[in-house]
J.: 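Shown below is the structure under consideration.
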Amino acid sequence: MTPRSDLDGRVALVTGAGSGIGAACAMALAEAGAKVHVLDRDRASAEAVADQVGGWAHPVDLVDLAESTVLDRLPAELDILVNNAGFQHVAALPEFEPERFTRMQQVMVTAPFLLIRRCLPYMYTRGWGRIVNVSSVHGLRASPFKAGYVAAKHALEGLSKVAALEGAEHGVTSNCVSPGYVRTPLVTGQVEAQALAHGLDAEQVLEQVLLARAAIKRLVEPEDVAALVRWLCGPRAGQLTGASLPVDGGWTAA
Ligand code: NAD
């Protein structure tokens, strides 16, 4: 069993920590003893989660990290970085707005790159660091109508591996966790939209549409993902790097 306080003295930053998987990660890391910086573009939820975990709120839109003044205000002295923020957009390629595609890359690729780049020098000085990138089964497989998301998550998987190779000699690991469908607002919105589109009820959408390819016909819970993230940040995970761990009920096995 992982001891409760195995992250005592560690400082973490979790992006998109105001909701869903990010909020669960912030709580799991805090429960393990870490002090957590909670970054989210939604100020109220960033502050609420920061209050809950006894951490610091950063109401920041990751798109704005391209401006160095915004990036410079974020902490660089981090032991743990969880690049989690992301969003979905569903459209066929001919209709996929280029601005939306660009924004997806900014949030899910450029922001993780800028944050990794910013926190590595401190991690290298300390000889220890953990980078966890919340990817997706769509970082490993494609689905139609998700060009922006699939492109971004595949890029994030590549970025994570480069960080693993460069960080190895400095005691820094970098991994992706790649969930299937998780019970968060990002998915419940899709269930409602698909139910309308297919004339099904929510349960039927889950079984026949979203979980059609998964062996386990149940949504993943945010806490399932957070428990793995916490373990990856712990003392026993030092040999696991450059990997992508699916938490997908067998979705990628099929
Ligand atoms: P969510 O919508 O519940 O939470 C995402 C959070 O990110 C929100 O609080 C939102 O405000 C924040 N965010 C979005 N864009 C931002 C930006 N530009 N700047 C700062 N904050 C921003 O979603 P979730 O399901 O918890 O998703 C978290 C991550 O997990 C995402 O990267 C998503 O792609 C990934 N993921 C989710 C699922 C799923 O089924 N829910 C599956 C695989 C991967």
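Both ligands and their constituent atoms are indexed starting at 1 by order of listing. Computed from a predicted structure; not experimentally measured. We number each residue from 1, following the sequence as shown.
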J.: List ligand 1 atoms under 4.0 Å from Gly20, heavy atoms only on the residue side.
T.: 3 (O), 26 (O)

J.: Polar contacts were defined as any N/O atom of the residue lying under 3.5 Å from an N/O atom of the ligand; does this apply to Val187 and ligand 1?
T.: no

J.: Is the distance from the ring center of His89 to that of Phe96 below 6.0 Å?
T.: yes

J.: Among protein heavy atoms, which lies nearest atom 1 (P) of ligand 1, and at what distance?
T.: Ser19 OG, 3.7 Å

J.: Does Ser160 have any side chain to side chain donor-acceptor pair (under 3.5 Å) partners at least two apart in sequence or in another chain, and if so, which?
T.: Asn133, Ser174

J.: In terms of atom number and element, which parts of ligand 1 are under 4.0 angstrom from non-hydrogen atoms of Val60?
T.: 19 (N), 20 (C)

J.: Need the ligand 1 atom indices (1-based, order shown) with element for anything under 4.0 Å from a heavy-atom of Tyr149.
T.: 33 (C), 34 (O), 35 (C), 36 (N), 43 (C), 44 (C)

J.: Is Lys153 close enough to touch ligand 1? Criterion: a residue heavy atom under 4.0 Å from a ligand atom.
T.: yes

J.: Is the contact between Leu62 and ligand 1 made by the side chain, the backbone, both, or neither, using heavy atoms and a 4.0 Å cut-off?
T.: both

J.: Could you work out, for atom 20 (C) of ligand 1, the closest of Met108, Gln88, Arg183, Arg41 by heavy-atom distance?
T.: Arg41

J.: State plainly whether the residues Asp79 and Arg126 are in salt-bridge range, i.e. N to O under 4.0 Å.
T.: yes

J.: Tell me the protein heavy atom at minimum distance from atom 27 (O) of ligand 1, and give that distance in Å.
T.: Leu186 CD1, 4.0 Å

J.: Under 4.0 Å between a Lys/Arg side-chain N and an Asp/Glu carboxylate O for Asp61 and Arg103?
T.: yes

J.: Does at least one non-hydrogen atom of Gly180 fall below 4.0 angstrom from an atom of ligand 1?
T.: yes

J.: Just which atoms of ligand 1 are under 4.0 Å from any heavy atom in Ser135?
T.: 35 (C), 36 (N), 43 (C), 44 (C)

J.: What do you reckon, is NZ of Lys146 surrounded by more than 12 foreign heavy atoms closer than 6.0 Å?
T.: yes

J.: May I ask whether Ser45 places a heavy atom under 4.0 Å from ligand 1?
T.: no

J.: Between Met104 and Gln88, is there a side-chain heavy-atom distance shorter than 4.5 Å?
T.: yes

J.: Answer yes or no for Val225: is there a heavy-atom contact with ligand 1 below 4.0 Å?
T.: no

J.: Who gets closest to atom 29 (C) of ligand 1 by heavy atom: Asn84, Val49, Ile21, Val38?
T.: Asn84

J.: Which value, rounded to the nearest 0.5 Å, describes the distance between Leu78 atom CG and Arg118 atom CZ?
T.: 8.5 Å

J.: Distance under 4.0 Å to a non-hydrogen atom of Val134: what atoms of ligand 1 satisfy this?
T.: 29 (C), 30 (O), 32 (O), 35 (C)

J.: List ligand 1 atoms under 4.0 Å from Tyr181, heavy atoms only on the residue side.
T.: 40 (O)

J.: Is it true that, when you exclude Phe87 itself, more than 12 heavy atoms of the residues, nucleotides or ligands shown sit nearer than 6.0 Å to its CZ?
T.: yes

J.: Only heavy atoms of Asp61, strictly under 4.0 Å: list the atoms of ligand 1 that pass.
T.: 17 (C), 18 (N), 19 (N)

J.: Can you pull the side-chain hydrogen bond (donor to acceptor under 3.5 Å, both in side chains) pairs that have at least one residue in residues 213-227, sequence neighbours excluded?
T.: Arg183-Glu221

